[in-house]
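This report refers to the structure that appears directly beneath it.
If you're wondering where the values come from, they're calculated on a predicted model, not measured in any experiment.
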Amino acid sequence: MNLVLLGPPGAGKGTQAKLLEDGHGLTKLSTGDMLRAAVAAGTELGRKAGEIMERGELVPDELVIKLIAERMDEGAAGQGFILDGFPRTIAQAEALDRLLAERNKRVDRVIVMEVDDEALVERITGRFACANCGEGYHDIYKPTKVPGVCDRCGGTQFVRRKDDNEEVVRSRLKAYHAQTEPLIDYYTRQGKVRTVDGMADIATVQKDIDKALDGVCA
Ligand code: AMP
């Protein structure tokens, strides 16, 4: 089963993708994570993408399509993919359809996570993650149980994304509405879209996504 998680920045795609990975044995492919890794490693791609990401704009289609194409065969023997943050433009969606068709696969379902823009700004500006294991937290909605200590691995160093500040979030939202939202129509025409209320708590959204996967072959 190959899934696309679609929704604005801060809708909880990364959190739900992780839960789907653990619960359904799917391989999570996140272009945001791949690009941040390229920036951290100082590769040529990282140098090209870094400034664009800091402005909250979209990295050119050909660069992210190449990234996904390179990773597509990883985990090919597994249960399928969850795409988090890709595709983000119609050109990317068309490229994804081609890449999957070449492998006799397809996008089986697209989960759209709906959240108000104002809630997103609050959600995003409060998020942080463990520097050691990557577990995600939020100042208000999901603090660590013991202040300053990661619940999962006991790590004590935390990081915040550079683009998680209000100004950049507003420009990421603008990019979402202008370039990514049209994908909802693209996939609706293919009969693949199910919508969940991304304003609900993490466990409720997880249950709603599981329901939205009913009838999709594993
Ligand atoms: P994310 O972690 O998905 O919020 O992505 C962080 C940033 O990486 C975005 O604001 C974009 O600058 C860039 N990015 C991630 N995925 C894509 C994509 N599919 N197309 C273009 N840019 C992307």
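Note: T15 OG1 to D84 CG = 9.0 Å, rounded to the nearest 0.5 Å. In this structure, S171 OG and E54 CD are separated by 11.5 Å, a value rounded to the nearest 0.5 Å. Taken to the nearest 0.5 Å, the CG atom of N2 stands 9.5 Å off from the CG atom of L29. For the atom pair F81 CZ and E21 CD, the distance stands at 12.0 Å (nearest 0.5 Å). The distance from atom SG of C150 to atom NZ of K145, rounded to the nearest 0.5 Å, is 10.0 Å. Here the CD1 atom belonging to I111 is positioned 10.0 Å from the CD atom belonging to Q16, to the nearest 0.5 angstrom.
Of the candidates L67, L96, T27, M72 forms a side-chain contact (heavy atoms from CB on, under 4.5 Å) with just one, namely L96. For the pairing with R109, the side-chain contact (heavy atoms from CB on, under 4.5 Å) check across K192, M1, R194 returns one residue only, R194.
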Checklist entry - Given I184 and L6, is the side-chain contact (heavy atoms from CB on, under 4.5 Å) satisfied, shown in steps? => result CA-CA 8 Å; I184 299 176; L6 209 61; 3.8 Å; yes
Checklist entry - Are R161 and R36 close enough, and set up right, to give a side-chain contact (heavy atoms from CB on, under 4.5 Å), and what steps lead you there? => result CA-CA 9 Å; R161 279 172 50 171; R36 278 184 290 280; 3.0 Å; yes
Next on the checklist: Using the rule given for side-chain contact (heavy atoms from CB on, under 4.5 Å), can you reason through L183 versus T89, listing the C-alpha separation, both sets of side-chain angles and the distance that settles it, and then say yes or no?
Outcome noted: CA-CA 7 Å; L183 292 181; T89 62; 6.0 Å; no
Next on the checklist: Before you tell me yes or no, could you show the steps for R47 and T43 under side-chain contact (heavy atoms from CB on, under 4.5 Å), namely the whole-Å CA-CA distance, both residues' side-chain angles and the distance that decides it to 0.1 Å?
Outcome noted: CA-CA 6 Å; R47 281 194 295 279; T43 63; over 6 Å; no
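Of the charged side-chain nitrogens involved, at least one lies within less than 4.0 Å of a carboxylate oxygen, so that R170 and E118 count as a salt-bridged pair. At a threshold of 4.0 Å, the pair E135-K142 counts as salt-bridged, since one of the basic side-chain nitrogens sits closer than that to a carboxylate oxygen. A salt bridge is defined here as a Lys NZ or Arg NE, NH1 or NH2 lying under 4.0 Å from an Asp or Glu carboxylate O, and K66 with D61 fails to meet this definition. A salt bridge between R160 and D139 is present, with a side-chain N of the basic residue lying under 4.0 Å from a carboxylate O of the acidic one. Between D214 and K211 there is no salt bridge, since none of the side-chain N atoms of the basic residue sits less than 4.0 Å from a carboxylate O of the acidic one. The pair E44-K48 meets the salt-bridge criterion, since a charged nitrogen lies less than 4.0 angstrom from a carboxylate oxygen.
Side-chain contact of D97 with Y186: a donor-acceptor pair under 3.5 Å is present, judged by distance alone. Under 3.5 Å, the side chains of T144 and D151 contain no donor-acceptor pair of N or O atoms. With 3.5 Å as the limit, one finds a donor-acceptor pair spanning the side chains of D201 and T204.
Proximity of a side-chain donor or acceptor of R88 to a complementary backbone N or O of Y176 within less than 3.5 Å is not detected. Remark: side-chain polar atoms of T156 are not paired, donor with acceptor, to backbone N or O of G148 under 3.5 angstrom. Between the K13 side chain and the G85 main chain, no donor and acceptor come within less than 3.5 Å of each other.
In terms of heavy atoms, K28 sits closest to G14 at NZ-O, 3.9 Å. Of all the heavy atoms in A49 and V59, the pair that sits closest is CB-CG2, 4.0 Å. Annotation for G198 and V205: closest pair CA-CG2, 4.3 Å, computed over non-hydrogen atoms. Here the shortest heavy-atom pairing between G134 and A129 reads O-CB, 4.0 Å.
Between L213 and L3 there is a side-chain heavy-atom pair separated by less than 4.5 Å. The shortest side-chain heavy-atom distance between K162 and V39 does not fall under the 4.5 Å cut-off. Residues Q92 and I65 meet the side-chain proximity criterion, which asks for heavy atoms closer than 4.5 Å. Using a 4.5 Å heavy-atom cutoff, the side chains of E57 and R172 are not in contact. When side chains are defined from C-beta on, N165 counts as touching V168, because their heavy atoms get closer than 4.5 Å. Looking at L5 and L83, their side chains never come closer than 4.5 Å, going by heavy atoms from C-beta outward. Looking only at side-chain heavy atoms (C-beta outward), R123 and I140 stay at 4.5 Å or farther from each other. Between H24 and I82 there is no side-chain heavy-atom pair separated by less than 4.5 Å.
In this structure, L58 is not a member of the same hydrophobic cluster as M53, with clusters built from ILVMFWY side-chain heavy atoms closer than 4.5 Å. Each of V110 and L19 belongs to its own hydrophobic cluster when Ile, Leu, Val, Met, Phe, Trp and Tyr are linked at side-chain heavy-atom distances under 4.5 angstrom. Linking Ile, Leu, Val, Met, Phe, Trp and Tyr whenever their side-chain heavy atoms come within less than 4.5 Å leaves I202 and V196 in two separate clusters.
For P60, the side chain to side chain contact (heavy atoms under 4.5 Å, CB included) test picks out I52, E62, L63, with sequence neighbours left out.
A ring pair (Phe, Tyr, Trp, His ring centres under 6.0 Å) check over residues 84-133, counting only residues at least two apart or in different chains, returns the pairs F128-Y137, F128-F158.
Using a 4.5 Å cut-off between side-chain heavy atoms of Ile, Leu, Val, Met, Phe, Trp and Tyr, L173 falls into a hydrophobic cluster with V115, L120, V121, I124, V169, M199.
Residue-environment remark: CD (E70) exceeds the threshold of 12 foreign heavy atoms within 6.0 Å.
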